[in-house]
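Data block below; observations after.
What you see below is based on every heavy atom in this structure, not just the backbone, and it leaves out hydrogens, waters and symmetry mates. Quick note: residue numbers are just sequence positions, from 1.
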Amino acid sequence: MNWNLKRISWYGLIINLILLFNCSESKKKEKVVIKDDLPILSPKVYNGIDSVYRTIRNFSLINQDNQIVKGTDLLGKIHVAEFFFTSCPSICPIMAKNLLQVHEKFKNEKHFIIVSYTIDPDYDTPDILRGYAKKNEIDTKTWWFLTGSKDTIYSICSEDYLAFAQKDVKAPGGFLHSGFFILVDENGYIRGAFDGTSMAKTEELIENIKILLTQLNERKSS
């Protein structure tokens, strides 16, 4: 691993020590806090000339319709990412319920997408993901479910989104993972991470999406 990736890995470790929420439900009530200007949380890396914010890199995965999806397909769109698995018996159903609220708010917004990366690609085939989406009445035009190489997904999880996931036979469903919705702008910069088990934090996410969409639409119209 080169120095830039070491820096990213350490940065991600620090973030996860703060944000890590393993497969258990949080019962703490939280106040919704809305900021006018959202910080860039992506780490900076040296590109040979200057230090620049790292973006979500290009990748190649398969969606619920067995179509190839690339990281570049996300550029120009604000997106919310989560890492989950369809057989999760603990926090994933709570997260899905909350994320459906986000989906309902923005399903007709052409510059917004939700991306759910499975951390159990051996089980979560395109057919399984498509069935999961249908069961939850999700419009997959604006909410993608992605599977593919386990190494690729876990690398994207830790190095790009600074999230956490690992197999653990002692954990509910056999996996541990961060329970956060990660907000990314149209340039691929991380702009926030929100506890996916908290409705208050989901409402905060919704308001922050509105801020980014307003800013994006203003830039496009100017």
State whether the side chain of [X] and the backbone N or O of [Y] hold a donor-acceptor pair below 3.5 Å, judged by distance alone.
| X | Y | result |
| --- | --- | --- |
| Ser221 | Asn217 | yes |
| Asn98 | Gly196 | yes |
| Asp65 | Gln67 | no |

So [Y] and [X], do their side chains get closer than 4.5 Å, heavy atoms only?
| X | Y | value |
| --- | --- | --- |
| Met95 | Phe84 | no |
| Pro126 | Gln64 | no |
| Ile119 | Lys167 | no |
| Thr125 | Thr147 | no |
| Val80 | Phe112 | yes |
| Pro43 | Leu162 | yes |
| Trp143 | Lys107 | no |
| Asp73 | Trp144 | yes |

Minimum heavy-atom distance between [X] and [Y], given as atom pair plus value:
| X | Y | answer |
| --- | --- | --- |
| Gly71 | Asn58 | N-OD1, 3.0 Å |
| Gly148 | Pro121 | O-CB, 3.2 Å |
| His177 | Cys92 | NE2-SG, 3.5 Å |
| Gly76 | Leu216 | O-CD2, 4.0 Å |
| Leu61 | Ser149 | CD2-N, 4.3 Å |
| Gly188 | Ser42 | O-OG, 4.4 Å |

_same_hphob_cluster(Val115, Ile62) at 4.5 Å side-chain heavy-atom cutoff_ = no
*Determine whether Ile128 and Leu146 fall in the same hydrophobic cluster, where Ile, Leu, Val, Met, Phe, Trp and Tyr are linked whenever their side-chain heavy atoms lie under 4.5 Å apart.*
no
*Angle class for the Phe59/Tyr117 ring planes (parallel below 30°, perpendicular above 60°, tilted otherwise)?*
perpendicular
*On the 0 to 90° scale, with breaks at 30° and 60°, tag the Tyr132-Phe145 ring pair as parallel, tilted or perpendicular.*
perpendicular
Between [atom1] of [X] and [atom2] of [Y], what distance do you get to the nearest 0.5 Å?
| X | Y | atom1 | atom2 | value |
| --- | --- | --- | --- | --- |
| Leu212 | His111 | CG | NE2 | 13.0 Å |
| Lys105 | Glu207 | NZ | CD | 7.5 Å |
| Ser198 | Phe181 | OG | CZ | 9.5 Å |
| His103 | Ile114 | NE2 | CD1 | 6.5 Å |
| Gln215 | Asp185 | CD | CG | 9.0 Å |
| Leu176 | Gln166 | CG | CD | 5.5 Å |

*Kindly indicate, with the supporting measurements, whether the criterion side chain to side chain contact (heavy atoms under 4.5 Å, CB included) is fulfilled by Tyr189 and Leu38.*
CA-CA 11 Å; Tyr189 300 138; Leu38 307 183; over 6 Å; no
*Before giving the answer on side chain to side chain contact (heavy atoms under 4.5 Å, CB included), spell out for Leu205 and Lys201 the whole-Å C-alpha distance, their side-chain angles and the decisive distance to 0.1 Å.*
CA-CA 6 Å; Leu205 167 63; Lys201 288 298 181 182; over 6 Å; no
*Decide side chain to side chain donor-acceptor pair (under 3.5 Å) for Asp195 and Thr197; before the verdict, give the C-alpha distance in whole Å, the side-chain angles of both, and the deciding distance to 0.1 Å.*
CA-CA 6 Å; Asp195 181 355; Thr197 67; 2.8 Å; yes
*Residues Thr86 and Asp124: side-chain donor-acceptor under 3.5 angstrom*: yes
*asked:* For Lys150, is the NZ atom crowded, meaning more than 12 foreign heavy atoms sit under 6.0 Å from it?
replied: yes
*Verify the ring-centre separation between Phe85 and Tyr123: is it less than 6.0 angstrom?*
no
_Working for side chain to side chain contact (heavy atoms under 4.5 Å, CB included), residues Asn187 and Thr55_ = CA-CA 7 Å; Asn187 297 310; Thr55 61; 5.5 Å; no
*Under the side chain to side chain contact (heavy atoms under 4.5 Å, CB included) criterion, do Asn208 and Arg191 qualify, and how do the steps go?*
CA-CA 9 Å; Asn208 287 328; Arg191 305 301 291 271; over 6 Å; no
